[in-house]
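Structure, as structure tokens:
Worth saying up front: this structure is predicted, and the values here are computed from it rather than measured. The chains referred to below are lettered A, B, ... by the order of the sequence lines, with proteins before strands, and numbering in each begins at 1.
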Amino acid sequence: MSDGPDLRSPSRRRVLASGGALVVYFALHPRLVLAQQQPAAGNALPGSLKNDPYVDAWIRIDADGRVTVFTGKAELGQGIKTALIQVAADELTVDPARVAIVTADTERTANEGYTAGSHSMQDSGTAIRHAAARVRELLVECAATQWNIAQDALDTVDGVVRAQDGRTLAYGALVAGTSLHVQASGPARVRDPARHKVVGTPMKRVDIPAKVTGGVAYVHDLRLDGMVHGRIVRPPSPAATLRDVDDVPVKRLPGVAGIVRDGSFLAVIAAREYQAVTAMRALAKAARWDERPTLPAMDRLFETVKALPARDTTILDRGTFPGSGALIEATYLRPYQLHASIGPSCAVAYFSDGGYTVWTHSQGVYPLRDALAEMLRVPKERIRCIHMEGSGCYGHNGADDVAADAALLARAMPGRPVRVQWMREDEHAWEPFGPPMIDTVRARLDPSGAVAEWQFDVWSNTHSTRPGKAGNLLAATHLQQPFTPPPPQPIPQPEGGGDRNAIPLYNFANARVVHHFIPEMPLRVSALRSLGAYANIFALESFVDELARAAKQDPLEFRLRHLDDPRAAAVIRLAGERFGWKDYLQAPGRGRGFAFARYKNLGAYAAIALDVEVQRETGLVRIRRAIAATDSGEAVNPDGIRNQIEGGIVQSLSWTLAEEVTFDATRVTSVDWGGYPILRFNGVPDSIDVHVIDRPGQPFLGTGEASQGPTAAALANAVADATGVRFRQLPLSRARIRTAADAT
Amino acid sequence: MMKLTVNDRAYDVDADPDTPLLYVLRDHLHLNAAKFGCGLGQCGACTVMVGSEAVFSCLVPISVLEGRAVKTVEGLGTEQAPGPLQAAFIDEQAAQCGYCIPGMMMRAQALLEKNAAPTEAEIRRALMPNLCRCGTHMRIIRAVQRAASIKSGRSG
């Protein structure tokens with residue numbers, strides 16, 4: 001490898017030794033904003049402008065007219081870069097090809113917290129839209145002053161301000177005469193949606209070409225000069241502690257540059273990646289651990305969890321409970337499940353002159369920086385976290401933890417960038433799991449078959465142990481002087497965590513919902529795509545189906561009679577029509593299932609209809625058709641929405657049909673794809689059709705998690721329709737279906 | 001020194017003969033497309049072609065590759081001049097995170113070189129060893145079909 005540029009100078013432009021495809025700039029741009037900046041008075045700023053009201057924190061224009069958008073959100077493969085470029089391009093009336101985008105970076109972008117919760121379009125998309133609209137106003141004002149004519153007589157088109165007489169002034173010329181460093185004081189005058197040219201169109205994603213041609217597309221592909229490779233020897237079980245390790249023979253292996261041991265944190269650094277892997281395996285063989293059986297019995301998991309102390313919150317209490325009519329009750333169970341990213345988590349860290357630079361696929365570069373600062377005991381201003389893409393994460397996977405690993409190894413090897421990638425078994429065993437959940441629903445129907453009473457109880461651990469604190473970082477809990485994870489907290493309504501979507505959108509007159517929050521965690525858990533909404537919608541929409549059957553009503557009509565929201569009704573009707581619900585012909589072994597939810601009761605609407613075929617003797621479920629209808633508010637990129645809904649359907653089918661973390665008394669045992677299978681090409685639907693209802697001018701609602709819950713319930717409802725057996729415990733595995741079929 | 005031929009180019013590689021091809025591609029030759037996913041041959045993220053076969057590069061040691069042609073996604077075209085399969089994946093927007101996609105493409109390439117007009121069932125069967133977690137399977141199938149129709153001269 002070449003010596004390359006000097007890594008010690010943080011202000012130097014560095015070309016990475018990767019064919020020059022990626023250029024990383026250090027401190028070339030003045031710091032645009034202070035992350036801690038207080039919002040302007042009034043607090044009526046749209047989206048994340050609340051976090052940073054200066055418009056040039058979001059939009060900059062160069063003298064040559066090129067536009068750069070700055071977002072504090074991260075590209076996770078959801079296509080956010082492209083959608084944000086579309087928003088800015090239309091608001092500024094420029095060709096999207098002239099718009100570049102910079103994503104989450106603690107030196108360059110606003111602090112928008114985590115890229116999570118399907119918030120990016122609402123938060124960042126709204127901020128960028130209004131910042132861009134304000135920039136456009138400023139440019140028009142500047143041109144009006146120069147020409148001494150009224151602003152009303154001016155318009156913008158294709159990067160220029162144009163007067164009615166045909167005179168034009170290019171943005172690049174105008175920015176020299178006006179400052180964009182102004183605070184937004186409220187909503188700007190945004191463009192009429194009827195004049196949008198790229199918003200609402202399926203613009204091709206800007207990140208895909210590099211991904212399909214071997215470009216530098218991921219932090220995994222980052223190659224800095226002088227870079228070395230680290231691998232971690234993780235404990236064999238959650239409670240294991242390192243007794244001793246004879247590392248002398250490992251130090252003599254080819255390429256080994258160092259071994260780091262700090263308490264039960266054990267790692268090796270080598271010149272070449274495979275040398276690091278080889279040395280890690282040798283070190284793992286040499287390490288001796290003290291293990292303790294701390295895990296609950298898997299076959300008594302739900303009883304164990306439910307028996308733990310809980311903090312109860314009544315999150316809905318409406319009407320009275322007269323208690324007439326038969327009580328119908330059911331309990332639904334969701335096991336530990338994985339994010340299971342295809343690429344194990346990766347990070348590169350560099351320590352020099354007392355400061356750290358960390359390239360990470362964390363969903364929150366600012367909270368990660370806070371946690372790293374505490375763990376490394378340095379002021380957070382000495383740490384820069386730069387987002388680069390990783391393998392899809394679907395929530396809080398190993399991204400933050402591997403960044404901590406890399407930072408610890410970089411501290412041990414100053415002046416050398418250290419790349420750490422987890423092994424498959426690290427990711428499967430140590431990512432924070434999606435928590436187990438228990439949902440019990442009780443209801444009574446009135447004589448007309450309407451829901452007279454509804455009581456919903458959910459028991460759950462927290463759904464976020466994301467960083468912010470050192471104790472949220474795995475390695476920090478293994479150090480000689482360990483950091484303790486902060487006490488877990490519930491995420492409050494209206495978004496909720498374990499109780500997300502536990503409140504029905506249906507207009508049940510008498511309804512009570514109680515969230516039983518369980519602080520104690522038998523295994524480490526955190527945010528998995530859609531949090532509690534997946535299990536709660538599975539329970540709620542399965543039970544609604546059971547009630548519709550009890551009332552002998554069509555499940556679509558049953559839902560519609562209990563809904564007041566016309567947008568909810570619209571997606572249900574559209575999915576039903578496209579599925580051909582009314583004309584469905586029942587056949588032996590075949591069944592149809594339907595489910596609906598509005599994510600968080602305030603995000604995107606999604607209705608899913610499935611047509612399945614169940615082989616009773618093998619337990620195999622074949623999904624012949626999946627039909628979805630969705631309303632995400634104003635659709636910026638309809639194909640991006642389709643991609644998210646479609647992908648969510650497949651992923652949720654995989655969770656629902658196949659996935660469950662396994663463990664014995666001491667160790668997690670599902671440590672690879674053999675132990676934790678996910679759907680392959682033979683298990684995905686024969687066809688998926690997603691129909692997007694566009695609502696121009698309506699707020700963005702976010703799409704990324706909308707189909708997770710409805711898919712699960714639609715599947716259970718379809719399997720019940722096909723077999724006559726109701727499955728209430730996830731996953732609906734082949735073994736469970738086969739066993740139930742044998743019993744009937 | 002081991003001699004390797006990757007994308008029609010000859011390399012002398014200074015690595016232990018037991019080193020799996022994947023690490024040599026990424027760490028020595030700086031080719032990004034093939035990805036580490038499991039190291040176990042379970043996920044297919046590392047799939048490349050050796051001769052006419054799709055293989056798990058995380059399992060194949062370089063010692064068995066002398067005199068054999070290795071092909072990766074970088075050998076299919078470039079961002080500026082994408083090959084038919086790459087163009088088809090772009091046209092179908094067949095990616096979310098995209099981490100699994102180069103492995104999918106090389107397994108599809110091996111299929112298309114043997115069978116220029118595969119049925120959907122044949123495509124699904126061929127891609128069975130490869131996992132995608134984002135759920136872009138339907139788009140991947142369409143992209144392979146599109147590439148097949150481009151190659152065979154039918155309209156895409």
Side-chain angles (χ1 to χ4, degrees), chain A residues 17-19 76-79 202 204-205 207-218 220-221 223 229 254 272-274 277-278 339-344 389-394 421 423-424 639 643-644 646-651 653-654 672-674 678-682 684-685 687-688, chain B residues 15-16 18-20 22-24 26-28 30-40 42-43 45 72-74 76-80 82 85-86 89-91 93-102 105 120 123-141:
Chain A
S18 50
L76 310 175
Q78 82 283 45
K204 293 234 185 316
R205 292 244 307 269
D207 55 322
I208 289 183
K211 290 175 175 178
V212 300
T213 54
V216 175
Y218 307 91
H220 305 68
D221 304 330
R223 282 181 206 92
H229 294 270
R272 289 287 188 186
E273 187 172 9
Y274 193 63
V277 172
T278 307
H339 304 77
S341 301
I342 298 296
E389 274 192 75
S391 183
C393 63
Y394 329 108
Q421 183 168 12
M423 304 302 287
R424 172 47 46 200
D639 190 58
N643 203 349
Q644 284 298 302
E646 184 179 308
I649 289 170
V650 172
Q651 188 176 75
L653 287 172
S654 183
D672 60 23
W673 299 113
I678 65 173
L679 281 200
R680 290 182 182 270
F681 270 91
N682 61 340
V684 301
S687 72
I688 302 178
Chain B
D16 188 288
D18 290 339
T19 307
L22 174 67
Y23 292 94
V24 171
R26 294 191 57 85
D27 197 15
H28 293 249
H30 296 182
L31 297 171
N32 297 312
K35 300 291 192 291
F36 176 78
C38 64
L40 304 162
Q42 295 176 342
C43 79
T72 72
V73 158
E74 286 90 345
L76 300 181
T78 64
E79 195 168 336
Q80 291 69 36
L85 191 59
Q86 292 167 321
F89 271 74
I90 293 170
D91 287 342
Q93 294 286 284
Q96 282 189 29
C97 83
Y99 195 90
C100 72
I101 296 296
M105 293 172 75
E120 182 179 333
I123 294 169
R124 284 181 187 246
R125 196 153 51 241
L127 295 177
M128 274 289 285
N130 290 41
L131 293 174
C132 168
R133 185 55 161 169
C134 297
T136 51
H137 302 72
M138 315 307 290
R139 289 166 183 255
I140 293 167
I141 293 166

Exercise. Measuring heavy-atom distances to chain A, does M105(B) have an atom under 4.5 Å in its side chain, in its backbone, in both, or in neither?
Worked result: side chain
Problem set entry | Residue part contacting chain A, namely of T19(B), when any heavy atom lies under 4.5 Å | both
Exercise. Of the listed residues (G98(B), G37(B), A33(B)), which shares the most heavy-atom pairs with chain A below a 4.5 Å separation?
Worked result: G37(B)
Exercise. For H339(A), does its backbone N or O pair with a side-chain atom of R133(B) as donor and acceptor, under 3.5 Å?
Worked result: yes
For this session: Heavy-atom pairs under 4.5 Å with chain B are the metric here; pick the option from V212(A), V650(A), I649(A) that has the most.
Result: V212(A)
For this session: Quick one: list whatever passes ring-ring contact (aromatic ring centres under 6.0 Å, His included) with Y23(B), sequence neighbours left out.
Result: Y274(A)
Problem set entry | Y218(A) side chain near N32(B) side chain, heavy-atom distance below 4.5 Å | no
For this session: Write down the atom of C97(B), the atom of G392(A), and the distance for their closest heavy-atom approach.
Result: SG-N, 3.1 Å
For this session: Tell me, for I123(B) versus chain A, whether the close heavy atoms (under 4.5 Å) come from the side chain, the backbone, both or neither.
Result: neither
Exercise. With no hydrogens and no angle check, is any side-chain donor or acceptor of R680(A) less than 3.5 Å from a backbone partner on L131(B)?
Worked result: no
Exercise. For the residue pair R223(A) and L31(B), what are the closest heavy atoms and their distance?
Worked result: NH2-O, 4.0 Å
Problem set entry | Closest heavy-atom pair and its distance - Y99(B), Q421(A) | OH-NE2, 3.4 Å
Exercise. Taking only residues two or more places apart in sequence or in another chain, which ones pass ring-ring contact (aromatic ring centres under 6.0 Å, His included) with H229(A)?
Worked result: none
Seminar exercise, completed: Looking only at heavy atoms, the pair that brings Q96(B) and D207(A) closest together is O-OD2, 4.2 Å
Exercise. Counting only N and O atoms by type, is there a donor-acceptor contact under 3.5 Å from the side chain of E646(A) to the main-chain atoms of T136(B)?
Worked result: no
Exercise. Counting N and O atoms only, with roles assigned by atom type, does the side chain of R424(A) sit under 3.5 Å from a partner on the main chain of Q42(B), one being a donor and the other an acceptor?
Worked result: no
Exercise. Chain B heavy atoms under 4.5 Å from L76(A): which part of the residue, side chain, backbone, both or neither?
Worked result: backbone
For this session: Quick one: closest heavy-atom pair of P685(A) and R124(B), and the distance?
Result: O-NH2, 2.8 Å
Problem set entry | Heavy-atom side-chain proximity of K35(B) to D221(A) below 4.5 angstrom | yes
Exercise. Which heavy-atom pair separates I678(A) from C132(B) by the least distance, and what is that distance?
Worked result: CD1-O, 4.3 Å
Exercise. For I101(B), is it the side chain, the backbone, both, or neither that has a heavy atom closer than 4.5 Å to a heavy atom of chain A?
Worked result: side chain
For this session: Under 4.5 Å, counting heavy-atom pairs only, tell me which of E389(A), M423(A), Q78(A) racks up the most with chain B.
Result: M423(A)
For this session: Calculate, to the nearest 0.5 Å, the distance between atoms NE2 and CZ belonging to H220(A) and R26(B) respectively.
Result: 8.0 Å
Exercise. When you measure from the side chain of K204(A) to the backbone N and O of Q93(B), does any donor-acceptor pair fall under 3.5 Å?
Worked result: no
Problem set entry | Heavy-atom pair count under 4.5 Å with chain B, highest-scoring of I342(A), L679(A), T278(A) | I342(A)
Problem set entry | Contacting moiety of D16(B), where chain A heavy atoms sit under 4.5 Å | neither
Exercise. Do E273(A) and L22(B) come close enough that some side-chain heavy atom pair is under 4.5 Å?
Worked result: no
For this session: Under 4.5 Å, counting heavy-atom pairs only, tell me which of Q86(B), H137(B), R125(B) racks up the most with chain A.
Result: H137(B)
Exercise. Among A126(B), A94(B), A95(B), who wins on heavy-atom pairs under 4.5 Å with chain A?
Worked result: A95(B)
